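Report on the following structure.
Remember, predicted model here, so these are calculated numbers, not experimental data.
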Amino acid sequence: MYKYTVSQEFFSRISPPVLSVGSDRDLRLDSTLQELPMYTFTVEISCIGAEVGKYFDKYPLLPGAIMVEQGQFFGMISRRRLLEFLLRPYGQDLFTTESLEALYSYARTAILLLPETTPILTAMQHNLRRSPEFLAEPIVIQTAENTYKLLDTHELNIAAWQIRGIETQVRYERSQAQMIQNDKMASLGRLVDGVAHEILDPLNFIWGNLTHISNYSQDLLKLIAAYEDNFPQGSETINALKEEIEFDYLEQDLSKAINSTRTGAERLKKLVTSLQNFCHIDTVYPKPVDLHACIDSIVILIKSHLKEEITIIKNYGQLPPVSCFMGQLYQVLMNIFTQAVDNLLDEAVRQQLQPETNQNPKKATIEITTEVISQTNNLPSGKGSRWVSICIADNGPGMSEELQKQMLDNLTVEKRADKETSFAVSYRIITARHGGQLNFSSQPGKGTKFQILLPLV
């Protein structure tokens, strides 16, 4: 223990240390520094080191002192730095009478200054970027204008590890919930596939017999026409029966009814096939997929929502089969199409409720463009790589900058741990599972455009 004497005249230039404890010690993933215990201890730079050392003896947990010059922030000197001076040979004789300003010039301390609204995990990252000799130095926290406090790095480390534990627990619970959800979706997919198969079997019977029914009906009509040619007068019974069944109308409408039945069976077959593809259970490895068939299947599934208010425009290019996980790709396309349809329908309702603000309402459209493009993608060699591009653009109201920023923020680990949105799921499927890119752009009043880029191997 070093010894020194302090005169009473210096006491007025030192504010007694105060420990402030955060109001909420139940930390969360988004907790900030203001929820941690911090110390308020300010001294004038004209004070001598011995006087500050006395306070360090009295308050052993005090990490350092905030130096001010006429009330303005000047710097920070830690307990460890001050003790290093006093423990040197002849340190008590040389440095106890030195002012803090002089000691600070010797200390060469790198100060880490952060606002109190900084997230704890972000502050931990800033602290780890410091030089190893400054890792144990307390952090200066600005709580208001010209108001500063000290945070012990030990408190920061404990809080950061606590939050990491919470994040690990949240990820574990989410992974368990995701596994349960995946199992449910797999069971649902098998169930839907079985139901679709049961529908397709009798539908195939209908579809296969329609051709024969059409041929048989034409043959019967030919036979009746031959009878009329050979027996133009007929009999009273036959003529009465023809009038009763309205033979002339039946002859004209029979082919139309058969064609209408064939069209309905074809639509039902496409719908059931699309439903089977959408509930497809992916294998371990990706398989070549016809992207145009995937898009057409999604359009068929959402056609009931389109009604006559939304027009689909397809600009299909020449695409080769692309290796991907078909079930997951269907999920991405469904998420994008659903959002586009919802935005357009909401805009249509708004135009109906406020007709005076829209004198020339535009026809709601969704334009789908597919092509093969070359993109350097910041490759070291500078050579371009080939990608399959799927652009889905609508002419809806578009997104505000705030909403676009919120969508991008949802891609961060913290937001995904809190709540994973459909866009975040789609982004993860395209980037992590397929090695592609998912981009979007939007302008208020000009619509929104999503672009899926899949590598063409």
Over all atoms of both residues, closest heavy-atom pair of Leu344 and Ala364
CD2-CB, 4.1 Å
Find the distance between OG1 (Thr211) and OH (Tyr216) and round it off to the nearest 0.5 Å.
10.5 Å
Determine the minimum heavy-atom distance between Leu27 and Ala159, stating which atoms define it.
CD1-CB, 3.7 Å
Donor-acceptor contact below 3.5 Å, side chain Ser214 vs main chain Leu210
no
Any donor-acceptor pair under 3.5 Å from Asn146 side chain to Gly71 backbone
yes
Could you check whether any side-chain heavy atom of Leu333 comes within less than 4.5 Å of a side-chain heavy atom of Ile452, counting everything from C-beta outward?
yes
Using only atom types and a distance under 3.5 Å, with no angle test, would you say the side chain of Asn439 pairs donor to acceptor with the backbone of Gln451?
no
Could you go step by step and tell me if Glu371 and Cys391 meet the side chain to side chain contact (heavy atoms under 4.5 Å, CB included) rule?
CA-CA 9 Å; Glu371 59 182 338; Cys391 292; 5.5 Å; no
Is there a donor-acceptor pair under 3.5 Å between the side chain of Asn395 and the backbone N or O of Lys363?
yes
Nearest 0.5 Å, what's the CD1-CZ distance between Ile213 and Arg262?
9.5 Å
Gap between atom OG of Ser374 and atom CG of Leu456 - 0.5 Å precision:
9.5 Å
Quick check: does any side chain N or O of Asn335 sit under 3.5 Å from a backbone N or O of Gln331, one acting as donor and the other as acceptor?
yes
Answer whether the closest heavy-atom distance between the side chains of Thr448 and Ile392 falls below 4.5 Å.
no
Determine whether Met124 and Ile163 make a side-chain contact, defined as any pair of heavy atoms from C-beta on separated by less than 4.5 Å.
no
Judged by atom type as modelled, is there a donor-acceptor pair below 3.5 Å linking the side chain of Glu251 to the main-chain atoms of Leu221?
no
To check you understand the geometry: which heavy-atom pair defines the closest contact between Ile111 and Gly75, and what is its length?
CD1-CA, 3.7 Å
Least distance between heavy atoms, Leu128 atom then Leu135 atom:
CA-CD2, 4.1 Å
Verify, without hydrogens or angle tests, whether Thr338 (side chain) and Met334 (backbone) share a donor-acceptor contact under 3.5 angstrom.
yes
Main chain of Ser442, side chain of Gln404: is a donor-acceptor contact present, judged purely on distance under 3.5 Å?
yes
For Lys149, is there an ion pair with Glu116 - N to carboxylate O distance below 4.0 angstrom?
no
Provide the closest heavy-atom pair for Thr118 versus Ala123 in the form atom of the first, atom of the second, distance.
CG2-N, 3.9 Å
Decide yes or no on side chain to side chain contact (heavy atoms under 4.5 Å, CB included) for Leu151 and Leu114, but give the supporting numbers first.
CA-CA 10 Å; Leu151 173 63; Leu114 299 174; over 6 Å; no
Are any of the side-chain heavy atoms of Ile430 and Leu454 separated by less than 4.5 Å?
yes
Is there a side-chain contact between Gln437 and Trp387 in this structure, where contact means two heavy atoms from C-beta onward sitting under 4.5 Å apart?
yes
Quick one: pull up NE2 in His212 and CG in Asp219 and give me the separation to the nearest 0.5 Å.
12.5 Å
Closest non-hydrogen atoms of Leu319 and Val372, given as atom of the first, atom of the second and distance, are CD2-CG2, 3.7 Å
With a 4.5 Å cut-off on side-chain heavy atoms, are Val140 and Phe73 touching?
yes
Could you grab the distance from atom CD1 of Ile158 to atom CG of Asp152, nearest 0.5 Å is fine?
8.5 Å
What I want to check is whether the side chains of Ser400 and Glu402 have a donor and an acceptor closer together than 3.5 Å.
no
So, applying side-chain hydrogen bond (donor to acceptor under 3.5 Å, both in side chains) with Lys314, which one of Thr369, Asp296, Thr370 is it?
Asp296
Can you check side chain to side chain contact (heavy atoms under 4.5 Å, CB included) on Leu408 and Phe440, steps first, answer last?
CA-CA 10 Å; Leu408 294 176; Phe440 80 96; 3.7 Å; yes
Does Phe134 offer a backbone N or O that forms a donor-acceptor pair with the side chain of Ser131 under 3.5 Å?
no
Would you say Ile368 and Phe337 make side-chain contact, with heavy atoms under 4.5 Å?
yes
Would Ile66 and Thr40 count as a side chain to side chain contact (heavy atoms under 4.5 Å, CB included) if you check the C-alpha gap in whole Å, the side-chain angles of each, and the deciding distance to 0.1 Å?
CA-CA 8 Å; Ile66 297 174; Thr40 302; over 6 Å; no
Quick one: does Arg80's side chain have a donor or acceptor within less than 3.5 Å of a partner on Glu137's backbone?
no
Could you measure the distance from the CE atom of Met67 to the CD1 atom of Ile77? Nearest 0.5 Å is fine.
6.0 Å
Partners of Tyr227 by ring-ring contact (aromatic ring centres under 6.0 Å, His included), sequence neighbours excluded?
none
Is the closest side-chain heavy-atom distance between Arg130 and Thr153 below 4.5 Å?
yes
Indicate yes or no: does Glu266 engage Lys269 in a salt bridge with an N to O separation below 4.0 Å.
no
